[in-house]
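This report concerns only the one structure given below.
Not measured: the values here are computed from a predicted model. A, B, ... follow the sequence lines: proteins, then strands. Residue 1 opens every chain.
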Amino acid sequence: MIITRKKDRKELLENVRRYKSFFLLGCSECATLCGTGGQEQLDELKGLLESEGRAVAGAFVAKTGCQVLGTKVELKRFKEELGKTDCVIVLSCGAGTQSAVEIFEDKAVYPSNDSMFLGNMTRLQMFDERCSLCGECILDKTGGICPVTACPKGILNGPCGGTKDGHCEVSAEIPCAWVRIYERMEKIGRLEDFKAGTLAAKNWSASVKPRKLTARGVPEKPQASRGGREEKK
Amino acid sequence: MSFQEALNSGKFIVTAEVGPPKGTDIETLRHDIELLKGKVDALNVTDNQSAVMRICSLAICKIVMEHGAEPILQMTCRDRNRIGLQSDLLGADVLGIRNVLCMTGDHVLAGDHKGAKPVYDLESVQLLGAVDSLNNGKDMSGNDLRGGTHFFQGAVVTPEANPLAPQLAKFEKKIRAGARFFQTQAIYDIEKFKDFMEFARKFPVKVLAGFVILKSAGMANFLNKNVPGIRVPEDLIEELKAAGKEKALETGMDIAARHIRRLRDEKICDGIHIMAIGMEDKVPVIMQKAGLL
Ligand code: SF4
Ligand code: SF4
């Protein structure tokens, strides 16, 4: 899911200082699980704005904020409230915020959160990043652990000289990705693959922004490009 | 005799290093180069060491050559993408630089521009592959070059890494990618280093043992605590402690000389890489003590 963090409230109030009447839009998916865009956070922000003497015309937790069409349909019943609003504050991720920008062509839209990464939830409201959406997955080559993400240097062929007792040079709180990969490949009996194979430099053209995909009726991606694949010598 | 020829001659090799300064005043650096030239076989020039911004390694390699010494261009993948790296390699070649040491490089967070975007488009193994390819007249995309490069390429290895097995696997990958010589992270436990060398001797590569000059017990403890892959054994720390404040550096140099003699006399490895870190003037003293001058 997309991990978000609340922006500093002072900063948010400063950003929207010129507006008088607000509509608050949350999201029932990731932002709710992150505690940044559920009903509770909407109520909280409403209270804050009202305590500052601003009006909150309406508030709604969308089902899936990044789904533009669905959100637009859901918002139809708030026509009256939205009519009184001069600013929409979106309590979800940057994608949800930009759905609102598309829906409200002539209204100011402000983000209430910082969007951070694609994360796994390990425990309640605890997240870590395991995939950085590089566009050409190499988990098949690395025992299922992603070095592009788990190693701060994105090294593809084994640990750097910075490993210290299995931890990363960047922080003792990060286990070295390559020690983990090595140990896992050993456990699943694939160590020989790791030793024998050298991964070529990744093909970053697979993640040139902005990316777009039409999944409807499209066949599988043809021939994978060479990057991040085993080098033949 | 070039560094490569010296390594192949079977003679015990000595390399040292100079760190480009932060700023354009290179008087001290020139002085250090003068002091070391003719004594060591080659001089490593570090590449924005510890991710601290300084003069680029390439320019200082050229300065080293002007003084009549042979440089080893250290190249990290932290600050340049594959276009920048290959382009600098071509540039290094036409300047006459022949030795290149390929490294991934300390993370930006270790340095003095923590907000910089770390590049790491390639890493050490892939950079070695790129050098090999340029040597063979092609760039990384397979395009023909009008004139290939002439590099003697090396890499680094950490014999004291914990855990060791993944590090050794990477060492093998570096060799497959074209590394012809290695300079190791500093080693102090020679018995343990012998085990590593027994493994390394299976491959057709030259190995120079790394050594950081110890100037006090405090410094040894600092290395143990803060530098990954360095382990100064307790008995050496005791020896430095027993020497007292006045004599500690002298003892540190004696330890260095003793190690070098042993590495050479027992033919444990092909040479030594002395990292003086600001004590460049001590390198000739150590070499003399070790009977190398
Ligand atoms: S290799 Fe790419 S797609 Fe696969 S987990 Fe890593 S970042 Fe994600
Ligand atoms: S210590 Fe491990 S995780 Fe950290 S940068 Fe080096 S290889 Fe990557």
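For a residue to count as touching a neighbouring chain, one of its non-hydrogen atoms must lie under 4.5 Å from one of that chain's; by this rule B:Arg78 does not touch chain A. With a threshold of 4.5 angstrom between heavy atoms, B:Ala165 approaches chain A through its backbone and through its side chain. Contact annotation for B:Thr104: only side-chain heavy atoms (C-beta onward) come within less than 4.5 Å of a heavy atom of chain A. Residue B:Val156: no heavy atom, backbone or side chain, is found under 4.5 Å from chain A. Neither the backbone nor the side chain of B:Val108 comes within contact range of chain A, judged by heavy atoms closer than 4.5 Å.
Among all heavy-atom pairs drawn from A:Thr163 and B:Asn162, the shortest one is CG2-O, 4.1 Å. Of all non-hydrogen atoms in B:Pro166 and A:Pro159, the two that sit nearest each other are CB-CG, 3.6 Å. Closest approach of B:Met140 to A:Ala201, counting heavy atoms only: CE-CB, 4.1 Å. The two residues B:Lys173 and A:Lys195 come nearest to each other via the heavy atoms CE-O, 4.2 Å. Among all heavy-atom pairs drawn from B:Ala169 and A:Phe194, the shortest one is CB-CE2, 3.6 Å.
Applying the 6.0 Å contact sphere to CD of A:Glu40 captures no more than 12 heavy atoms from other residues, nucleotides or ligands. In B:Glu198, the CD atom is not crowded: 12 or fewer heavy atoms of neighbouring residues, nucleotides or ligands sit closer than 6.0 Å. Shown here is A:Glu102, whose CD atom has no more than 12 heavy atoms of other residues, nucleotides or ligands within 6.0 Å. Within 6.0 Å of CD in A:Glu52 there are more than 12 heavy atoms belonging to other residues, nucleotides or ligands. Other residues, nucleotides and ligands place more than 12 heavy atoms under 6.0 Å from the CG atom of A:Leu139. Within 6.0 Å of the CZ atom in A:Arg5, the count of heavy atoms belonging to other residues, nucleotides or ligands does not exceed 12. Annotation: B:Phe199, atom CZ; neighbour count of heavy atoms from other residues, nucleotides and ligands within 6.0 Å is above 12.
Residue with the most contacts toward chain A among B:Val157, B:Asp106, B:Thr158: B:Asp106 (heavy-atom pairs, distance under 4.5 Å). Put simply, of B:Leu109, B:Leu122, B:Asp121, the one with the most heavy-atom pairs under 4.5 Å next to chain A is B:Asp121.
Annotation: residues 204-213 of chain B contacts chain A through no residue [non-hydrogen atoms, separation under 4.5 Å].
Of the possible polar contacts, none joining the B:Gln126 side chain to the A:Ile155 backbone as a donor-acceptor pair under 3.5 Å is found. In this structure a side-chain-to-backbone donor-acceptor pair under 3.5 Å is missing from B:Lys170 to A:Gly161. Here the side chain of B:Glu123 pairs a donor or acceptor atom with the backbone of A:Asn157 at under 3.5 angstrom. Looking only at distances, a side-chain donor or acceptor of A:Lys153 sits under 3.5 Å from a matching main-chain atom of B:Gly105.
For the pair B:His107/A:Glu169, a side-chain contact is recorded, criterion being any heavy-atom separation below 4.5 Å from C-beta on. With a 4.5 Å cut-off on side-chain heavy atoms, B:Gln167 and A:Tyr182 do not count as touching.
Looking at residues two or more places apart in sequence or on another chain, you find a salt bridge (Lys or Arg N to Asp or Glu O under 4.0 Å) between A:Arg17 and A:Glu14.
Atom CG of B:Asn226 is separated from atom NZ of A:Lys164 by 7.0 Å, given to the nearest 0.5 angstrom.
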